[in-house]
Amino acid sequence: MSSDKILVVHADGVTTLTLNRPEVLNAFDGEMMHGLQHLLREAGKDPAVRAVVITGSGRAFCAGQDLGLGGDPNAKFELKADFLRKGYNVLVAQIRELKKPVIAAVNGVAAGAGANLAFACDLVLAADTASFVQAFVKIGLIPDCGGTFLLPRLVGMQRAAGLAMLGDKLDAETAKQWGLVWDVVPSTVLAEKAHALAARMAKQPTKAIALMKQAFNASVTNDVRAQLEMEAVLQEQAGETDDFHEGVQAFLQKRPPVFRGR
Ligand code: T3D
């Protein structure tokens with residue numbers, strides 16, 4: 001599937017997916033949604049891809065769902081549960097379960113599902129000009145795209161409630177202080193820094209990173225004993241990888257490891 005609504009670049013083991021509907025601040029229509037799902041599936045299958053970056057073109061990261069489909073300001077927006085089941089729910093599960101790191105490079109405003117798409121990623125790198133808005137309340141909706149799951153876990157219930165129920169814009173620095181963002185960089189160098197971060201992660205032991213994601217995902221419902229047991233099982237799997245062998249050899253030989261993601 002190819003579409004100019006998502007630009008794709010492969011370099012240094014990194015696939016960069018750029019949401020490309022700048023005229024509507026990269027809001028999702030059906031084609032962009034299914035295109036992103038398809039490209040994430042492809043990235044998952046390709047062993048040469050060891051990290052993924054999601055970013056936006058123009059001045060926004062993503063303004064969530066396209067509210068203007070059809071262009072008729074009087075049109076009634078029909079909203080059914082299946083829309084989320086087949087759309088954002090699939091997307092969030094794909095990102096959380098992708099056996100590779102996913103970095104959101106948030107280049108501007110991230111609103112509604114666009115904000116929660118970023119928070120679903122493993123690391124969020126934000127431009128100093130970026131902002132985050134749980135815009136749902138302004139149109140009578142609840143946070144979706146994983147927002148009601150992710151926000152309380154990332155920032156605690158008070159801040160999650162404030163963000164969701166007031167819908168105010170949060171600037172990038174505050175988002176970092178609150179734990180929503182890994183780092184904030186000048187907007188002029190965001191793309192370069194995001195690529196460097198992803199390229200670094202693409203050289204990490206990819207299978208171990210996949211197992212970390214599995215363990216982190218499970219930790220939100222496991223008790224400590226279940227989580228300890230999971231660590232034992234997953235560590236055995238990590239121990240069976242070539243990269244573990246390489247890591248130990250490199251340590252003993254006092255040289256940097258060369259991980260191949262196997
Ligand atoms: O079934 C379901 O659909 C459920 C799924 C829901 C998921 C959701 O994401 S719901 C939330 C949807 N998103 C929003 O409510 C955000 C709407 N946008 C805004 O609040 C503001 O645009 C921003 C805060 C993001 C940015 O504000 P600002 O002042 O920087 O830009 P602007 O002037 O509002 O927008 C620029 C253009 O983008 C404008 O078009 P124009 O006038 O230049 O022709 C605006 O209409 C368009 N745009 C922005 N967001 C959307 C959009 N067009 C369609 N859909 C959008 N979401």
Side-chain angles (χ1 to χ4, degrees), residues 3-7 17-37 40 54-96 104-121 124 126-152 154-155 160-175 178 180-181 184 187 190:
S3 158
D4 60 3
K5 292 183 179 176
I6 302 181
L7 308 177
L17 305 174
T18 303
L19 308 177
N20 188 37
R21 302 188 70 219
E23 67 284 4
V24 287
L25 308 188
N26 305 317
F28 274 97
D29 65 359
E31 189 182 334
M32 199 171 89
M33 167 62 69
H34 293 112
L36 186 56
Q37 290 178 359
L40 287 170
I54 301 177
T55 191
S57 58
R59 69 176 177 92
F61 175 71
C62 173
Q65 181 59 34
D66 189 329
L67 300 173
L69 288 181
D72 174 2
N74 299 314
K76 188 164 184 295
F77 200 110
E78 291 291 339
L79 205 160
K80 297 284 178 210
D82 257 2
F83 182 88
L84 288 181
R85 289 189 189 111
K86 292 179 182 156
Y88 296 106
N89 293 10
V90 172
L91 207 51
V92 171
Q94 280 185 296
I95 291 170
R96 295 309 316 149
V106 182
N107 52 302
V109 65
N116 296 335
L117 171 69
F119 300 146
C121 295
V124 182
D128 52 3
T129 50
S131 58
F132 300 87
V133 200
Q134 295 296 316
F136 308 90
V137 70
K138 296 182 182 180
I139 53 169
L141 293 183
I142 67 165
D144 60 20
C145 198
T148 60
F149 179 89
L150 293 163
L151 287 173
L154 288 167
V155 299
L163 289 172
M165 294 178 189
L166 298 173
D168 290 341
K169 239 184 214 180
L170 198 67
D171 63 76
E173 272 304 336
T174 310
W178 286 16
L180 287 160
V181 160
V184 178
S187 60
L190 176 73

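Atoms within a ligand are numbered from 1 in the order they appear, just like the ligands themselves. Bear in mind that the values here come from a model prediction, so they are computed numbers and not experimental data.
Side-chain contact, S131 with D171: no donor N or O sits under 3.5 Å from an acceptor N or O.
Those atoms of ligand 1 with a heavy atom of A27 less than 4.0 angstrom away are 55 (N), 56 (C), 57 (N). Interface atoms of ligand 1 facing A135, defined by a heavy-atom separation under 4.0 Å, are 14 (C), 15 (O), 16 (C). Those atoms of ligand 1 with a heavy atom of L79 less than 4.0 angstrom away are 1 (O), 2 (C), 4 (C).
Summarising the contacts of atom 14 (C) of ligand 1 with A63, G87, G64, G147, the nearest heavy atom is found in A63. Among E23, R21, Q65, the residue whose heavy atom lies closest to atom 57 (N) of ligand 1 is Q65.
Less than 4.0 angstrom separates atom 50 (N) of ligand 1 from at least one non-hydrogen atom of the protein. There is a protein heavy atom less than 4.0 angstrom from atom 1 (O) of ligand 1. Protein heavy atoms are absent from the space less than 4.0 angstrom from atom 20 (O) of ligand 1.
Here's the thing with R59: one of its N/O atoms is less than 3.5 angstrom from an N/O atom of ligand 1. Some N or O of A113 is nearer than 3.5 Å to an N or O of ligand 1, by distance alone.
Here the heavy atom of the protein found nearest to atom 35 (O) of ligand 1 is L25 CD1, 3.6 Å.
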